[in-house]
Amino acid sequence: MRNAKRWMAAILVLVLMFPLVSLGEEKALKISWNGNASLGAGEIAYVIKTHVNETASGELTYTLTDTARNKMVYTESRSGVKAGDELTWPVVYDAEGLSSSKAAKRMRAAFSMDGKKYTYDFFYSYSKENGAVVLTVERAVWYPNNTACSFGPQFREISPSLTDKWYMFTPIDLSRQGRQEFEYAAGNMYIIGKVYVDVQGDLVTVSYENFCADQGGNTATVQEFFTFFSDLSAVNEVEPEQMETEGYEFGRPISIQNDLGGDTNVLLYVRNRVNYRDYVTNGQKLTRFWINHPDRVNLRNAMIRMMDGDWKAY
């Protein structure tokens, strides 16, 4: 294992985000994770396991690549491999990666045997806490580049010609002073945070928070967008990239009179893009977003009754 101890001289916590599986049609090699491990300075964590199901050529080569930087960080070959062998392999990272503050990166574990190649992409994250070193392998799922909206009716159910996607909008009364808050859902699957609408006099400010953001939460915003529509008839496009307007800026006050024409019965449309994990922290899983839960159905119906025009409730 060349340079393995040099790479692992720094203390780290590594989290594999998916159960490892063989991705090829050929089943000569089965890839799996090998459970949790404790890690000390200069030690190696063997957390990837391979099982050989049929006779191989006698050599199995493993490479570990940082796909974001397109850089191989580890490679190793083992000879004399035969059917039935179970081998464990290390996940290591170099000092440049350890110094990065980015919460999660994608790695690729690749195996070559008998002319066939098996690859698996996984995410990792790490931290250093009071000199303690614990490596955790867990079953969790990352959802990259998902869309996220504030709670409300779906465009496709109210006006199917607009889109077949799940995008929601939020009918809101801006004559109400103070804070209103709404669920913030990603991919129509999980509640990842909250969206806030604060009205103070003539000014309205829209903001949002990702759950556990102050605790190293596993949600990162890729793209932000929000706007207000006067009513549904004013909506002719729901993809921000195709809209003529650039939208508004989260956290910056907007004049109801000057920017929204004095209209206080409006539709808030938030459509961000996020990378998120179903475990928002290693020990806390996000709540599933069941759109047809009775409480949400009642709230959507109340929102629809606020809208200008004669729209059918759910």
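If you read the sequence from its start, that first residue is 1, and numbering goes on from there.
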- Task: State the OH-OH distance between Y190 and Y276, to the nearest 0.5 angstrom.
- Result: 7.0 Å
- Task: Taking the side chain as every heavy atom from C-beta outward, state whether V270 and F250 have any pair of such atoms under 4.5 Å apart.
- Result: yes
- Counting heavy atoms not belonging to E86, are there more than 12 under 6.0 Å from its CD? yes
- Message: Just verifying a value: how many Å separate R296 CZ and M303 CE, rounded to the nearest 0.5 Å?
- Response: 11.5 Å
- Query: Can you find a heavy atom in the side chain of F225 that is under 4.5 Å from one in the side chain of Q223?
  - Reply: no
- Message: What's the separation between atom CG in L64 and atom CD in E76, rounded to the nearest 0.5 Å?
- Response: 11.5 Å
- Task: Could you check if a side-chain atom of F228 sits within less than 4.5 angstrom of a side-chain atom of V206, using non-hydrogen atoms only?
- Result: yes
- Message: Please find the pair of heavy atoms, one from Q215 and one from T281, that lie closest to each other, and give the distance.
- Response: O-CG2, 4.4 Å
- Note on the structure: The reported gap from CG in D164 to CD in Q154 (rounded to nearest 0.5 angstrom) is 11.0 Å
- In this structure, CG of D66 is separated from CE of M72 (nearest 0.5 Å) by 12.5 Å
- Should the pair Y62 and F111 be assigned to parallel (<30°), tilted (30 to 60°) or perpendicular (>60°) ring geometry? parallel
- Count the heavy atoms belonging to other residues, nucleotides or ligands that lie under 6.0 Å from CZ of R176, then report whether that count exceeds 12. no
- Query: Roughly how far, to the nearest 0.5 Å, is the CG atom of N188 from the CZ atom of F289?
  - Reply: 6.0 Å
- Query: Are L260 and Y248 close enough that some pair of their side-chain heavy atoms sits under 4.5 Å apart?
  - Reply: yes
- D198 and T205: side chain donor to acceptor below 3.5 Å: no
- Query: How about F155 and L232: do any of their side-chain heavy atoms sit closer than 4.5 Å?
  - Reply: yes
- Message: Could you tell me if the side chain of I158 sits less than 4.5 Å from the side chain of I304, heavy atoms only?
- Response: yes
- Taking every heavy atom of G201 against every heavy atom of Q177, the minimum-distance pair comes out as N-OE1, 2.6 Å
- Give a yes or no on whether a salt bridge exists between R271 and E241, defined as a side-chain N under 4.0 angstrom from a carboxylate O. yes
- Item | Residue pair V280 / I192, side-chain heavy-atom distance below 4.5 Å | no
- Message: Y118 vs T50, test: side chain to side chain donor-acceptor pair (under 3.5 Å). Steps then yes/no.
- Response: CA-CA 11 Å; Y118 305 85; T50 57; over 6 Å; no
- Query: Are L174 and L203 connected in a single hydrophobic cluster, I mean Ile/Leu/Val/Met/Phe/Trp/Tyr linked by side-chain heavy atoms less than 4.5 Å apart?
  - Reply: no
- Query: Do you know which two heavy atoms are closest between N258 and S255, and how far apart they sit?
  - Reply: N-OG, 3.0 Å
- Task: Assess the side chains of T170 and S150: does a donor N or O sit below 3.5 Å from an acceptor N or O?
- Result: yes
- Message: Are the side chains of R300 and F151 in contact, using a 4.5 Å heavy-atom criterion?
- Response: yes
- Task: Using a cut-off of 6.0 Å, state whether more than 12 heavy atoms not belonging to N70 lie near its atom CG.
- Result: no
- Task: Mind running side-chain contact (heavy atoms from CB on, under 4.5 Å) on V238 and K165 for me, showing each step along the way?
- Result: CA-CA 10 Å; V238 295; K165 296 181 180 178; over 6 Å; no
- Polar side chain donor-acceptor pair, E209 to Y184, under 3.5 angstrom: no
